[in-house]
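Numbering of ligands and ligand atoms starts at 1, following listing order.
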Amino acid sequence: MILYDTSILEVGLMPETAKRIAIIPGDDAAPEAMSPTLALLRQLELPVEYEVLPDGEELEATTSRDERERLIRETVDSCDTVLFGVTSGKTGGIGYLRWGKDTFANVRPIRWRPGYRSPLREPDGIDYVIVRENIEDLYLGLEGHLATLLESGLPTESRFGAPVAADGDEGRYAIKVISRQRTERVAHFSCQLAQRRRKLGHPGKITCSAKYNVLWQSDGFFRQIVRRVVEGYPDLTYEEFIVDDLAQRIVARPQDFDVVVLPNLYGDILADEAAGTIGGLGLAPSACYSDDFAYFEPVHGTAPDIAGEHAINPTATILSAAMMLEHLGFDEDAQRVESAINETYAEADSLTRDQGGSSTTEEFAQAVISRL
Ligand code: ATP
């Protein structure tokens, strides 16, 4: 079974300082976006080895789940970083990339570029970053039967005196955890990101948001910790909004934000909303950082409804690749990729369906490559 692309034969030609990038194409429509993104990366002729895994469908057909998880673990561990094309479960691997590698900060830049098909009347100037805590909150997956909760000795009445459920009724529960260390580190990460952006002319502002008016303990703790951490960065300003208010501000006043730090679930939901304001999910890249590792993937899912149509917009994957290049120290190449994207949108001659064009994924990517 050939699991690796023959491109690894390039290894012998590489200088010793070559970086190793794992390319994991992912599932459904995601590989259709990854394939031209890899072509674009190769076009840059960087001192990089690409270790390319098969797409989810092929992996599923040729390996057991355990073999796939082992393959991904070994591939990730043998590389400097990973460009991940999103999985709906076939490829898997997300557990290792997120919890195994402790990638606690999910960075989701929201930036409108001329030519993006925003539904807003005045999208000009939207340029902020959502930092989503990536490990805990409801994503620990601690769910169970209500009966177990009722037998656990935890309160069986709400704060307002109502029973957790009608007497004898069945149900399920989920546990939300906000812990000090994980909140502190994502808050510090956000502050340091705001400081770096400040040097580029951004205002140096942290916006914190959660449902702290209802979830006094958990979201209240998140707000309290973020507030305290930001106090240690006197060059930054700070504001906070209840999360439903933040949701409307993302639409009504998106130019006001700089760095927005959110607990896991709100970050997931609001980053999709924010992507909608600039023109859709096809345009939103992301990166997930731990202290010593990072991987890169688009914000969107696997777009199963358009799989096989070559209609998926690869911009989010290409811009995720640009974030990866910057992380590896290829700043100029990252800039080249971004400029090529900017030009392609400004010219608007090869846009994909979601942006009002009629070009295929490959035609759009080719237009970007031709502008590198
Ligand atoms: P998941 O559960 O993995 O998030 P989903 O289908 O719920 O999957 P998405 O895959 O993000 O969510 O897709 C939501 C909608 O946005 C779909 O109609 C999909 O086709 C569209 N979409 C997502 N990404 C893109 C893209 N890159 N280009 C064009 N359309 C996209």
Side-chain angles (χ1 to χ4, degrees), residues 23-40 55-57 59-60 72 83-95 97-98 106 108-113 115-119 130 132 134 137-139 141 250 264-288 295-324 337-338 340-341 344-345 348 350-368:
I23 302 285
I24 305 180
D27 304 340
D28 307 321
E32 293 166 43
M34 183 62 85
S35 172
T37 302
L38 179 58
L40 177 147
D55 63 33
E57 213 165 293
L59 278 173
E60 207 174 39
I72 289 175
L83 186 60
F84 193 77
V86 192
T87 179
S88 57
K90 293 173 200 149
T91 297
I94 205 68
L97 280 168
R98 199 183 287 187
N106 183 192
R108 300 179 156 194
I110 304 296
R111 178 169 171 195
W112 181 81
R113 299 164 199 267
Y116 277 11
R117 200 187 193 199
S118 168
I130 291 179
R132 163 191 175 195
N134 213 24
D137 190 357
L138 283 160
Y139 283 75
I250 282 175
N264 208 337
L265 182 63
Y266 307 135
D268 187 26
I269 296 168
L270 295 181
D272 272 32
E273 183 203 2
T277 64
I278 58 164
L281 284 168
L283 307 171
S286 92
C288 296
Y295 77 94
F296 301 81
E297 65 174 345
V299 167
H300 61 73
T302 59
D305 52 333
I306 53 171
E309 294 179 21
H310 296 267
I312 188 167
N313 186 340
T315 303
T317 308
I318 293 172
L319 289 175
S320 301
M323 291 176 81
M324 177 185 74
V337 174
E338 258 200 271
I341 287 278
T344 307
Y345 276 96
S350 315
L351 302 185
T352 45
R353 239 164 43 192
D354 59 307
Q355 297 301 303
S358 57
S359 295
T360 63
T361 306
E362 291 74 16
E363 286 163 351
F364 171 83
Q366 196 46 52
V368 178

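Pairs engaging residues 271-285 under the salt bridge (charged side-chain N to carboxylate O under 4.0 Å, His left out) rule: none recorded [sequence neighbours left out]. Residue pairs that meet the salt bridge (charged side-chain N to carboxylate O under 4.0 Å, His left out) test with at least one member in residues 27-40, sequence neighbours left out, are Asp28-Lys90.
With contacts defined as side-chain heavy-atom distances shorter than 4.5 Å, the pair Met324/Phe84 does not qualify.
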What short N/O contacts, under 3.5 Å, does ligand 1 make with the protein, listed by atom pair and distance?
residue, atom, partner, partner atom, Å
ligand 1, 10 (O), Gly301, N, 3.4
ligand 1, 10 (O), Thr302, N, 3.2
ligand 1, 10 (O), Ala303, N, 2.7
ligand 1, 11 (O), Gly301, N, 2.7
ligand 1, 18 (O), Asp305, OD2, 2.7
ligand 1, 20 (O), Asp305, OD1, 2.7
ligand 1, 20 (O), Asp305, OD2, 3.1
ligand 1, 27 (N), His300, NE2, 3.3
ligand 1, 27 (N), Asn313, O, 3.0
ligand 1, 28 (N), Asn313, N, 2.9

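We find that Asp268 and Arg108 are joined by a salt bridge, their nearest charged nitrogen and carboxylate oxygen being less than 4.0 Å apart.
Using modelled atom types, no side-chain atom of Thr302 and backbone atom of Ala30 make a donor-acceptor pair closer than 3.5 Å.
Partners of Arg113 under the side chain to side chain contact (heavy atoms under 4.5 Å, CB included) rule, at least two apart in sequence or in another chain, are Arg111, Tyr116, Leu319, Glu338, Ile341, Asn342.
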